[in-house]
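Numbers here are sequence positions counted from 1.
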Amino acid sequence: MTEAVGAEAAARDPEAVSTFVERFAAQLVEAGMARMPSRVFAALLASDTGTLTSAELGEQLKISPAAVSGAVRYLAQVHMVSREREPGSRRERYRVHSDQWYEALTSREAVIKRWEDALREGVTSLGADTPAGRRLAETLDFFEFIERDLAAMMERWRAYRDEKYAC
């Protein structure tokens with residue numbers, strides 16, 4: 001860590017960091033994410049290194065090791081954090097990467113495909129001319145629309161990110 005980054009982190013107001021973490025976590029909760037994973041993700045996002053141990057997360061967020069474990073398990077399943085072993089230790093560090101957001105979004109493509117398959121089956125089962133069948137067909141069209149544009153959008157994002165954040 002450079003001295004400037006270290007000095008900046010040391011000068012940071014812990015109360016302001018905590019306030020950010022809780023406010024951002026609340027926004028994630030409003031969007032449908034569970035509370036503990038939201039808090040853990042926000043804490044990792046707000047750390048300069050992007051990594052924290054279970055003990056550090058527990059201390060910062062004032063939560064139990066079991067709460068940290070459950071939150072990290074969920075976040076790892078949805079590709080928002082990764083686990084890393086500290087060399088020579090049994091202790092794990094949890095990391096959020098700068099590309100976690102779009103990787104998590106693009107990993108949803110498989111989920112969207114399964115939803116599309118289920119919706120197609122539903123349209124057939126309910127009948128395309130029934131109100132419920134039409135509603136399912138419209139939902140299916142929405143997911144197909146999103147899926148078509150997702151790959152191109154992610155390529156545009158990567159090019160933009162590489163240009164803007166290249167060192």
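For T139 (side chain) and R135 (main-chain N/O), a donor-acceptor pair under 3.5 Å exists by modelled atom type. Listed for the S69 side chain is no donor-acceptor partner under 3.5 Å among the backbone atoms of P65. Side-chain atoms of R85 do not come within 3.5 Å of backbone N or O of E92 as any donor-acceptor pair.
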Start with the C-alpha distance between V78 and M33, add both sets of side-chain angles, then the distance that settles side-chain contact (heavy atoms from CB on, under 4.5 Å), and finish with yes or no.
-> CA-CA 11 Å; V78 296; M33 187 185 281; 5.8 Å; no

Report the C-alpha distance between T51 and R93 in whole Å, list the side-chain angles of each, state the deciding distance to 0.1 Å, and finish with yes or no for side chain to side chain donor-acceptor pair (under 3.5 Å).
-> CA-CA 6 Å; T51 65; R93 296 190 73 74; 3.2 Å; yes

Begin from the C-alpha positions of V68 and I63 and carry the test side-chain contact (heavy atoms from CB on, under 4.5 Å) through to its verdict.
-> CA-CA 7 Å; V68 171; I63 59 176; 3.6 Å; yes

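Interatomic distance, I112 CD1 to L140 CG, rounded to the nearest 0.5 Å: 12.0 Å. To the nearest 0.5 angstrom, L75 atom CG is 11.0 Å from R73 atom CZ. Atoms CG and CD, on D141 and E116 in that order, are 9.5 Å from each other to the nearest 0.5 Å. Note: R156 CZ to D149 CG = 7.0 Å, rounded to the nearest 0.5 Å. The line from CZ of R148 to CD of E144 is 6.5 Å long, rounded to the nearest 0.5 Å. Residue R161 holds its CZ atom at 7.0 Å from CH2 of W157, rounded to the nearest 0.5 Å.
Annotation for V81 and F41: closest pair CG1-CD1, 4.3 Å, computed over non-hydrogen atoms. Here the closest non-hydrogen pair linking L126 and L136 is CD1-CD1, 3.2 Å. Contact between A25 and A42 at its shortest, heavy atoms only, is N-CB, 4.2 Å. Annotation for A43 and L52: closest pair O-CD1, 3.9 Å, computed over non-hydrogen atoms. Shortest non-hydrogen contact noted between V40 and A71 is CG2-CB, 3.6 Å. When all heavy atoms of A137 and V123 are compared, the closest pair comes out as N-CG2, 3.5 Å.
Between M36 and R39 there is a side-chain heavy-atom pair separated by less than 4.5 Å. Put simply, the side chain of V21 reaches to within 4.5 Å of the side chain of Q60, judged on heavy atoms.
Annotation: ring pair (Phe, Tyr, Trp, His ring centres under 6.0 Å) contacts of F145 (sequence neighbours excluded): none.
Checked for salt-bridge contact, E155 and R158 meet the test: a charged N lies under 4.0 Å from a carboxylate O. A salt bridge is absent between D117 and R114; no separation between the charged side-chain nitrogens and carboxylate oxygens falls under 4.0 Å.
By the 6.0 Å contact criterion, CD on E59 is open, its count of non-hydrogen atoms from other residues, nucleotides or ligands being 12 or less. Crowding of E22 atom CD: a count of heavy atoms from other residues, nucleotides or ligands under 6.0 Å exceeding 12. Around the CZ atom of F142, the shell of radius 6.0 Å holds no more than 12 heavy atoms that belong to other residues, nucleotides or ligands.
Taken together through direct or relayed side-chain contacts under 4.5 Å among Ile, Leu, Val, Met, Phe, Trp and Tyr, V29 and L45 form parts of separate hydrophobic clusters.
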